[in-house]
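Some notes on the structure that comes next.
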Amino acid sequence: MSAYTAASRAVFEIFRQTTPLVEGLSIDEAFLDVGGLRRLVGPPAEIAERLRREVRDRVHLPITVGVARTKFLAKVASGVAKPDGLLVVAPDGELAFLHPLPVERLWGVGPVTAAKLRERRIRTVGEVARLGEAALVSLLGAGTGRHLHALAHNRDPRAVQVGRRRASMGAQHALSRTPHAPTELDAILAGLVDRVSRRMRTAGRSGRTVVLRLRFGDYTRATRSHTVGKATADTTSLLAAARTLLRAALPEIDRRGVTLIGVSVGNLDDNPVQPELPFQPDPGSDLDAAVDAVRDRFGSAALTRAVLLGREPGVEMPLLPD
DNA sequence: TCTGGGGTCCTAGGACCC
DNA sequence: TCTGGGGTCCTAGGACCC
């Protein structure tokens, strides 16, 4: 576990001591629902100050807190208050706070959407709100248009969700623009699948959809996916699926060049154990368990796939006995 | 500035089934 | 035999987030 991960866990622990209603958003962001604590603990602003103090004293990190009636506005407030700040948006001052802000503050507005809005001379959240839903939908499509219209009026009915589980797990590797031989790409793929499948087994997850992510020489991207009938966290099975996808993409890679390979597994399930194990064991599950055990004890470099030998820094070709 | 790594959500078309 | 509607799943792409 990295120092960053350890600190993140410690901070989340402090959050959970304050309220059980904690929704992790990323390694360094979370929503806390403190609506029920007003009588017992005090107003949200006081709770926020206390959280900042505790994290500073116990984990020695600054945190920024945004307090508001909706998740969306709390996130905007914390974004405005960064770094190491606290901003409380009172219910009667929501739109006065929100409307002068630039459109980029809206959750879901990135460079593409911002550029489309700019073309219509829309620069602030207030201008988005005044534009009206129908005009936004015709400009940005139904999904984004309705979403932004609601946010611009601070309409965000989503509650804080506890215990949300990850929907996919993946790993990727950036490459130089020089040509790469199929064997080299295959070795990189094997290393990525190895990393992802191990993470899945550690987390007790298994998955059905293998996604191969490619970025070509011109930095455009493409994905190829394959879904199997039964969820697995078995390295051999996942690698077989990934290899099929890579083989099919090789002609295109050959033409356009490749600057990134990624593998992720989606359709994640909570049950990595195969119920019919005594009769139809996964071909590689025993091997995976043995490899995981060795790595748990001796570190992740202790064992590697033959296809990777001599490619990863720090991994030496072993001396074979005569 | 351009090009690191790990994710989420939405949309759309096609296949398939009833 | 053909047509139609509705639903689900899979695949692919795109935009966005930290």
Side-chain angles (χ1 to χ4, degrees), chain A residues 2 4-5 7-8 11-12 23-31 63-64 66 71-72 74-76 78-79 82-83 102-118 136-151 156 158 161 164-178 188-189 191-193 195-200 202-203 205 207-231 241-242 244-246 248-249 252 256-269:
Chain A
S2 71
Y4 196 47
T5 315
S8 164
V11 172
F12 273 68
E23 175 183 343
L25 195 58
S26 69
I27 193 165
D28 65 356
E29 266 192 312
F31 289 116
I63 60 167
T64 296
K71 276 162 72 166
F72 156 69
K75 178 151 170 67
V76 172
S78 84
K82 265 176 197 168
V103 287
E104 286 85 355
R105 289 283 181 189
L106 288 173
W107 211 356
V109 175
V112 176
T113 306
K116 283 183 193 167
L117 291 169
R118 238 188 339 266
L136 275 171
V137 165
S138 88
L139 184 63
L140 304 170
T144 308
R146 279 199 282 263
H147 174 70
L148 293 190
H149 183 256
L151 293 187
D156 178 16
R158 294 167 305 169
Q161 276 185 288
R164 267 187 68 184
R165 305 217 67 184
R166 198 179 292 288
S168 70
M169 283 188 180
Q172 56 190 44
H173 183 77
L175 300 164
S176 64
R177 299 190 59 160
T178 52
I188 291 164
L189 189 77
L192 291 171
V193 171
R195 256 162 65 196
V196 173
S197 64
R198 175 155 161 76
R199 273 180 57 210
M200 289 170 65
T202 303
R205 312 294 298 277
R208 289 178 50 226
T209 303
V210 176
V211 182
L212 175 71
R213 192 178 306 277
L214 297 170
R215 191 182 62 194
F216 297 108
D218 59 0
Y219 291 94
T220 58
R221 292 164 178 274
T223 57
R224 301 285 180 268
S225 67
H226 179 68
T227 300
V228 298
K230 195 176 81 174
T244 305
L245 294 169
L246 178 63
E252 195 171 6
R256 307 177 60 187
V258 62
T259 56
L260 178 136
I261 295 185
V263 173
S264 70
V265 180
N267 260 323
L268 289 187
D269 214 316

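Lettering follows sequence order; numbering is per chain, from 1. No experiment lies behind these values; they were computed from the predicted model shown.
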Mind calculating the distance between [atom1] ([X]) and [atom2] ([N]) to the nearest angstrom?
| X | N | atom1 | atom2 | answer |
| --- | --- | --- | --- | --- |
| A:K75 | B:dT8 | NZ | P | 15 Å |
| A:Y219 | B:dT3 | OH | C1' | 5 Å |
| A:L148 | B:dC9 | CG | C1' | 13 Å |
| A:L260 | B:dG5 | CG | C1' | 9 Å |
| A:R215 | C:dG14 | CZ | C1' | 16 Å |
| A:Q161 | B:dC9 | CD | P | 9 Å |
| A:H226 | C:dC9 | NE2 | P | 17 Å |
| A:L151 | C:dA15 | CG | P | 19 Å |

Any base atoms under 4.0 Å from [X], or only sugar-phosphate, or nothing? Heavy atoms, all strands.
| X | value |
| --- | --- |
| A:H147 | nothing |
| A:S264 | nothing |
| A:V109 | sugar-phosphate |
| A:R164 | sugar-phosphate |
| A:L106 | sugar-phosphate |
| A:R213 | nothing |

So, OP1 or OP2 of [N]: does either fall under 4.0 Å of a side-chain N or O from [X]?
| X | N | answer |
| --- | --- | --- |
| A:R221 | C:dA15 | no |
| A:S225 | C:dA12 | yes |
| A:T227 | C:dT11 | yes |
| A:K116 | C:dA15 | no |
| A:T113 | C:dC16 | yes |
| A:R224 | C:dG13 | yes |

- prompt: Paired with B:dC18 by Watson-Crick or G-U wobble geometry, both distances under 3.5 Å: which nucleotide is it?
  reply: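 B:dC18 is paired, partner C:dG5.
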
Under 3.5 Å on both distances, the Watson-Crick or G-U partner of C:dC10: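 Checking every strand shown, C:dC10 finds its partner in B:dG13, with both distances under 3.5 Å.
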
message: For A:D269, is there an ion pair with A:R208 - N to carboxylate O distance below 4.0 angstrom?
response: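 Looking at A:R208 and A:D269, the cut-off is not met.
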
Pair A:R158 + A:E23, salt bridge at N-O below 4.0 Å: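 Judged by the 4.0 Å cut-off on N to carboxylate O distance, A:R158 and A:E23 do not form a salt bridge.
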
As a test of reading the structure: which of [options] is closest to the side chain of [X], going by heavy atoms?
| X | options | value |
| --- | --- | --- |
| A:V112 | C:dA12, C:dC18, C:dC16 | C:dC16 |
| A:N267 | C:dA15, C:dC10, B:dT8 | C:dC10 |
| A:R195 | B:dG6, C:dC10, B:dG4 | B:dG6 |
| A:Q172 | C:dC18, B:dT8, B:dG6 | B:dG6 |

- prompt: Is the closest side-chain heavy-atom distance between A:L260 and A:Q172 below 4.5 Å?
  reply: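 Touching, per the 4.5 Å side-chain cut-off.
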
- prompt: Closest heavy-atom contact between A:A241 and A:H226?
  reply: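 Answer, listing the atom of A:A241 first, then A:H226: CB-CD2, 4.2 Å.
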
Minimum-distance pair of heavy atoms, taken over all atoms of A:S8 and A:I27: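 Closest pair (atom of A:S8, atom of A:I27, distance): OG-O, 2.8 Å.
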
query: Are A:T259 and A:R215 linked by a side-chain donor-acceptor pair shorter than 3.5 Å?
result: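 There is such a pair between these side chains.
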
task: Indicate whether the side chain of A:S264 and that of A:S168 have a donor and an acceptor atom separated by less than 3.5 Å.
output: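 There is no such pair between these side chains.
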
message: What's the gap between B:dC2 and C:dC18 when it is taken at their P atoms, as a whole Å value?
response: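 B:dC2 and C:dC18 have their P atoms separated by 23 Å.
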
